[in-house]
Amino acid sequence: MNELPNSTENDAKDPRVARREKMRQIEEQGLDPWGSRFDDRSLVSECRDRQTEIQWTREDGNAIPLPDLTTEGFDFRQWKSDNGPGEQTGPTVRVAGRIMLSRDKGKLIFLTLRDWTGEIQIFIGKNQVGDDGFALAKLFDLGDLVAAEGRLGMTNTGELTVFASRLYFHAKMLEPAPDKHAGLTNTDLRQRMRYADLAFNDGVIQTFLDRTKIVKSIRHTLDQDGFCEVEGPTLHTVAGGAAARPFATHHNALDMPLTMRIALELHLKRLMVGGMERVYEVGRVYRNEGISPRHNPEFTMLECYQAYGDYRSMMDLTERLIVDAIDAIGGGYIREFDGNTIDFTPPFKRASYADLFHEATGVNPADDQAVLDYAKTLHITTDGKHPDVIRNEIFEEKVEDTLTGPIFVIDYPASICPLTKRKQDNPAIAERFELFILGMELANAYTELNDPDLQEKLFKTQLEGLEEEDSMAKMDHDFVRALRYAMPPAGGLGLGIDRLVMLLTGKKSIRDVILFPLLRPEGSGS
RNA sequence: GAGGGUGUAGCUCAGUCGGUAGAGCAACGGACUUUUAAUCCGUAGGUCCAGGGUUCGAGCCCCUGCACCCUCACCA
């Protein structure tokens, strides 16, 4: 009977094969399918800014502005005949980008072209670009990088359009395009192939550009305040400054075990001893802990230290950092996150740890026995634990999740804060705050402990009920020696950049604000 | 680490009671010079995540493994 489809026929219908075949045909036309330098380029955003320059120039030489073509029921063709023969005149632009959509009408093709500032329509008419240009346009596929030169104008339906007079080819996409409407929704593929996620999914690139703006704004705010940015080491011999398990690594030539840093704190404080009175670092830290929508093994922290300040100075600074960051990306101080409304209008609320504890539990946090009894009702194991540890477990369970915020929780039990200065009139309380938003701990700051003898003692005293690796109090002899060279009284702040970006961009997963989150290797299943 | 969910065409997803594998988009051929996820006619495209089992027969049921997602734990 009929011939079964042979393999070459099947190949011709494989999108990958078809794309390579078109690449070959582009070469046959004497063009390089991998493009070259493209000068005097207009960004899409610049084209949008220039649409006011489009006019209707009549044959008598008079130019009149275009009406609002988007008005419902407006007939542009009728308007043209009413206003006398003429033509649209607009600036000539050269736009380059990726083909997102294509509407082929035979001798007329509409492209939707995207660059990193937005999308714009390209009108390609056979008579306008010539036979060669049109033959090239017929070899375009979704996802290809192309460029067009032409006049900016409006179509009959009022869409801003580049009416191409010349086409360029910049790079062939050899892989099949994702669904042109849904994009790439498979979360695994989106993270694994972030390039495709950025290129084809709406808003992804904007989120990461916003992230950049937020980080820039934070640097700007601190720089304006006289802080100086530094870079501490990421390879530590002792991973201190936070309660977390580190990654272990090894230096071959020195045959020396090393750990990746879990915090920036101890080196920045060394710099304050040295006289760098306001320092900060925006840097990656690495914690060998579980992975969740709010946890990635490597994440970005801001830590900054201000000599002669205290935790109250840090509260004001924190507020300013966040408010400035919001201003940088726009959208106002009232923001939505996962169905919740957060009001970032300063000043943020402030409440003491003890008051919040009492409010939520009805228990006086200073009454150790009452706290112990209450812990038992929550089935928290209490054996061998320091009362402050128990208190804090209750706080985490009963209070933290309820903190919509933004709210500064201030004045923590001292024994869970081994790097913090105690209140002068009450050594059981540490001068520390944490900023909570929707139950998330966004920032952590304190009046820095600068008493070397007390610091050494706190390093030595492991909290009962805590494994050493769970404790912030890991002995760092050199750090204690540094304090003996005298560190000024100071305020210090740590702020989780990824979580701030999540809150400000409305992303529920930290993996949506980290370009390349940690993944298992591809194909590890087979 | 524990529990739950998902895995089917390049992409997004259906698939009934266990009985020959489906759609839209993308691709390929054709029509169309102001379209808007263009439309219309036609064609092709499958290791149903992997391995094992039950069955006359498995995309579907059972077991094991892998990956991702969600919740919890650890943590920020």
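Proximity of A:Thr185 to the phosphate of B:C13: a side-chain N or O atom is located under 4.0 Å from OP1 or OP2. When the side-chain nitrogen and oxygen atoms of A:Arg103 are compared with OP1 and OP2 of B:U35, none of them lie within a distance under 4.0 Å.
The distance from atom CG of A:Asn296 to atom C1' of B:C74 is 15 Å, rounded to the nearest whole Å. Atom-to-atom, CZ of A:Arg20 to P of B:G10 comes out at 17 Å; the value is rounded to the nearest Å. When the C1' atom of B:A26 is taken as reference, atom CG of A:Leu184 falls 13 Å away, rounded to whole Å.
Judged by centroid separation below 5.5 Å and plane tilt below 30°, A:Phe299 stacks onto the base of B:A76.
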Might you work through the side-chain hydrogen bond (donor to acceptor under 3.5 Å, both in side chains) test for A:Lys80 and A:Asn156, ending with a clear yes or no?
-> CA-CA 10 Å; A:Lys80 283 188 240 186; A:Asn156 287 339; 3.2 Å; yes
Kindly determine whether A:Asn444 and A:Tyr412 satisfy side-chain hydrogen bond (donor to acceptor under 3.5 Å, both in side chains), including the steps that lead there.
-> CA-CA 11 Å; A:Asn444 182 14; A:Tyr412 276 67; over 6 Å; no
With ring pair (Phe, Tyr, Trp, His ring centres under 6.0 Å) as the test, would you mind laying out the steps for A:Tyr446 and A:Tyr311 before giving the verdict?
-> CA-CA 5 Å; A:Tyr446 26 90; A:Tyr311 75 138; 9.5 Å; no
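When each of A:Ala177 and A:Lys107 is assigned the nucleotide of RNA chain B bearing its nearest heavy atom, the one mapping closer to the 5' terminus is A:Ala177. Looking at which nucleotide of RNA chain B each of A:Asn127 and A:Pro176 is closest to, the 5′-most match is held by A:Pro176.
For B:G59, there is no paired nucleotide, since no Watson-Crick or G-U wobble pair has both relevant distances below 3.5 Å. Remark: B:A14 base-pairs with no nucleotide; criterion is Watson-Crick or G-U wobble with both hydrogen-bond distances under 3.5 Å. Of the nucleotides present, none pairs with B:G45 by Watson-Crick or G-U wobble criteria with both distances under 3.5 Å. Base pairing of B:U35: no nucleotide in any strand meets the Watson-Crick or G-U wobble criterion (both distances under 3.5 Å). Using N1 to N3 plus N6-O4 or O6-N4 for Watson-Crick, or N1-O2 and O6-N3 for G-U wobble, each under 3.5 Å, B:A2 pairs with B:U71.
A salt bridge (Lys or Arg N to Asp or Glu O under 4.0 Å) check over residues 433-443 of chain A, counting only residues at least two apart or in different chains, returns the pairs A:Arg432-A:Glu434.
Between A:Phe357 and A:Tyr353, the two ring planes are parallel [angle under 30°; tilted spans 30° to 60°]. Note: A:Phe163 and A:Phe123 have tilted aromatic rings, judged against thresholds of 30 and 60 degrees for the angle between ring planes. Ring geometry, A:Phe76 versus A:Trp56: the interplanar angle exceeds 60°, so the pair is classed perpendicular (tilted spans 30 to 60°).
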Please produce a list of atom pairs where a protein N or O lies less than 3.5 Å from an N or O of nucleotides 69-72 of chain B.
residue, atom, partner, partner atom, Å
B:C69, OP1, A:Arg511, NE, 2.9

Distances for protein N or O near nucleotides 21-25 of chain B N or O, under 3.5 Å:
residue, atom, partner, partner atom, Å
B:G24, N2, A:Asp179, OD2, 2.7
B:C25, O3', A:Lys180, NZ, 3.3

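Contacts of A:Lys22 with the nucleic acid, taken as non-hydrogen atoms under 4.0 Å apart, involve only primed sugar atoms and P, OP1 or OP2. At a threshold of 4.0 angstrom between heavy atoms, the contacts of A:Phe76 with the nucleic acid are absent.
Using modelled atom types, one finds no donor on one side chain facing an acceptor on the other under 3.5 Å when comparing A:Gln25 with A:Gln29.
For a distance-only test at 3.5 Å, the side chain of A:Thr155 qualifies as a donor-acceptor partner of the base of B:U35. For A:Gln121 against B:U35, a side-chain-to-base donor-acceptor contact under 3.5 Å is present.
Taking atom P on both nucleotides, B:U8 is separated from B:C61 by 16 Å, rounded to a whole Å. The gap from the C1' atom of B:C63 to that of B:U54 amounts to 11 Å, rounded to the nearest Å. Taking atom P on both nucleotides, B:C11 is separated from B:G46 by 14 Å, rounded to a whole Å.
A distance-only check finds a donor-acceptor pair linking the side chain of A:Glu303 to the backbone of A:Glu265 [under 3.5 Å].
To the nearest 0.5 Å, the span separating CG on A:Leu113 from CZ on A:Phe140 amounts to 9.0 Å.
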